Number of protein chains: 2
Amino acid sequence: MADERTARERIRDAALELFAEAGVAATPVRAVAARAGVSTALVMHHFGSKDALRTACDEHVAATVRARKTASVGAGADPLAALRASGDGPPLLRYLARTLLDGAPQVADLVDEMVADAQVYTEAGVGTGVVRPTDFPRERAVVLTIWSLGSLVLHEHVSRLLGTDLLGDPRSTGGYTLPATEVLTRGVITEPSYQQVRAAFAALDAERTAPDQETPDQETPHRGEGR
Amino acid sequence: MADERTARERIRDAALELFAEAGVAATPVRAVAARAGVSTALVMHHFGSKDALRTACDEHVAATVRARKTASVGAGADPLAALRASGDGPPLLRYLARTLLDGAPQVADLVDEMVADAQVYTEAGVGTGVVRPTDFPRERAVVLTIWSLGSLVLHEHVSRLLGTDLLGDPRSTGGYTLPATEVLTRGVITEPSYQQVRAAFAALDAERTAPDQETPDQETPHRGEGR
DNA sequence: ACACTGACTGAACGTACGGTCAGCATGGAA
DNA sequence: TTCCATGCTGACCGTACGTTCAGTCAGTGT
């Protein structure tokens, strides 16, 4: 019965859950108020408007993620491992997964920070021999962060396909983490195929910088059967 | 002036664009009708309800993706390369990126097919020497498909971070494809770190199947500095 | 005793929504 | 010509939305 949180916090948490479930546009303020056990007028009293409530949610999530983030790069460069384990992780992560799509500036800043952190951590990992060196330090950090967040956003599909809930206990995410880590360790593509891709994009760049001179017939950049 | 499409197709295409931009819940039927140049009543006449219109969009996207999909596994296991190149790709891909989140069954089936295709293609690639073998053929196909779709869903962040529009011309996606392919070729994590992750999850499994016997102190599964 | 403040509510307002309906053209079949 | 089916519209309906407002109540300082 005793709910230690203030009414303002209860409203914000209720909004977080409902916005995460159905999206902001599909969630009436009345539903938020009902879930928090208050009147709709009190929601307006505390936040001023539905949009301001949404912004407050964005800021709360961003602040919490910032507070909880740790340098855990070993298991697949996962910037959210600490959050996953914490009690209030699931609703927060669900909300984050939703709002990664509708371009809230607070969330965009958060992603930028995650990328910067990932770059620092991977470069440190290169020093300690945990992480391989790369030709594209920043771009690799972007790619790894995007993949990590992308699997979070699509957690429903991951759950259906692998039976692994990425929003739950990190110790039970092996169904996803194991193959992902295998890919991130041993790779998928063989070296000659990679060189073909590199050459194809280099040719495209050359064609763009000097578009007048003729280029040899190469309309499909990835051939696939070359050995 | 001559628009060859029927009014029904114009409505469906307008809905596709608007739903992709702002989401279904935030798009009024009136806006769809206005974009298509018809009355709102005609939208209802053709589709019956907003929800049915949404379903029609889902089915149209699924059908188009199925029609366009090709076996292009060389450049990072991208199941949507053909679609990207085609003219009506962008709005379709934008819609797909949106609806991958709200669990439409047609889209879920589509994802399942993509995974199945990815598994077939990667296993064929192992035979021709383009793709490396794996301990988890199906799980690897899931992971690669999820990463590919995840980067599509987060294309806005990719664009901001790398200046590369994944929805546009595939020949100008090198900013993303090159580092992604490098990661998928040479890996990120070193072999000993991978073995640590494997051992940690194996220990967790053992603990779960025989939870009574004591296990050695290992509360954090990824240590990171072990060498 | 009074005044003031902030949390909080029930009722209401204006609006924009999804959906309905009667009816108007057009056109091929009878 | 009559008929009905189809594509289509403007006007309308009930509802649910975001927001406003007047006012209650408890606490606090004076």
Side-chain angles (χ1 to χ4, degrees), chain A residues 1-61 95 98-99 101-106, chain B residues 1-61 95 98-99 101-106:
Chain A
M1 201 63 208
D3 195 336
E4 295 290 315
R5 298 173 297 173
T6 65
R8 193 176 201 278
E9 287 167 337
R10 285 207 318 276
I11 293 169
R12 190 239 294 136
D13 291 351
L16 222 49
E17 288 177 34
L18 293 176
F19 288 170
E21 275 174 36
V24 179
T27 303
V29 176
R30 284 163 161 81
V32 175
R35 163 92 54 131
V38 300
S39 64
T40 69
L42 188 63
V43 177
M44 307 310 294
H45 172 69
H46 277 302
F47 294 93
S49 74
K50 185 184 183 181
D51 205 62
L53 172 60
R54 199 208 109 106
T55 304
C57 288
D58 290 338
E59 281 166 359
H60 176 65
V61 169
Y95 181 87
R98 272 264 172 206
T99 47
L101 273 131
D102 10 80
Q106 294 87 353
Chain B
M1 199 64 209
D3 195 337
E4 294 292 315
R5 297 172 298 173
T6 65
R8 193 177 200 278
E9 288 168 335
R10 285 208 318 276
I11 292 169
R12 189 240 294 136
D13 290 350
L16 223 49
E17 289 177 34
L18 294 176
F19 287 170
E21 275 173 36
V24 179
T27 303
V29 176
R30 285 163 161 81
V32 175
R35 163 92 53 132
V38 300
S39 63
T40 69
L42 189 63
V43 177
M44 306 311 295
H45 172 69
H46 277 302
F47 294 93
S49 72
K50 185 185 183 181
D51 205 63
L53 172 59
R54 199 209 109 106
T55 304
C57 288
D58 289 339
E59 281 166 359
H60 176 64
V61 169
Y95 181 86
R98 272 261 172 206
T99 47
L101 272 140
D102 18 67
Q106 294 87 354

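By convention in this document, chain letters (A, B, ...) are assigned in the order of the sequence lines, proteins followed by strands, and residues within each chain are numbered from 1. Since this is a predicted model, take the numbers as computed values, not measurements.
When the nucleotides C:dG18, D:dG18, D:dT19 are ranked by their closest atom to the side chain of B:Lys50, C:dG18 comes out on top.
A straight line from CG of B:Leu53 to C1' of C:dC17 spans 15 Å, rounded to a whole angstrom. Here the P atom of nucleotide C:dC8 and the CD atom of A:Glu9 are 12 Å apart, to the nearest Å. Atom CG in A:Asp51 sits about 11 Å away from atom P in D:dG18, given to the nearest Å. B:Met44 has its CE atom 9 Å from the C1' atom of C:dT20, to the nearest Å.
For the pair A:Phe47/A:Arg8, a side-chain contact is recorded, criterion being any heavy-atom separation below 4.5 Å from C-beta on. Looking at heavy atoms from C-beta onward, B:Lys50 lies in side-chain contact with B:Val24 at the 4.5 angstrom threshold. Using a 4.5 Å heavy-atom threshold, the side chains of B:Arg54 and B:Asp58 count as touching. Annotation: side chain of A:Leu53 is in contact with side chain of A:Val43 (closest heavy-atom distance under 4.5 Å). Using a 4.5 Å cut-off on side-chain heavy atoms (C-beta onward), A:Thr99 and A:Val61 make no contact.
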Close N/O contacts between protein and nucleotides 5-11 of chain D (under 3.5 Å):
from, atom 1, to, atom 2, distance (Å)
D:dC8, OP2, B:His46, NE2, 3.2
D:dT9, OP2, B:Ser39, N, 3.0
D:dT9, OP2, B:Ser39, OG, 3.0

> Between A:Val32 and A:Arg12, does a side-chain contact (heavy atoms from CB on, under 4.5 Å) hold up when you go through it step by step?
Replying inline: CA-CA 8 Å; A:Val32 175; A:Arg12 190 239 294 136; over 6 Å; no
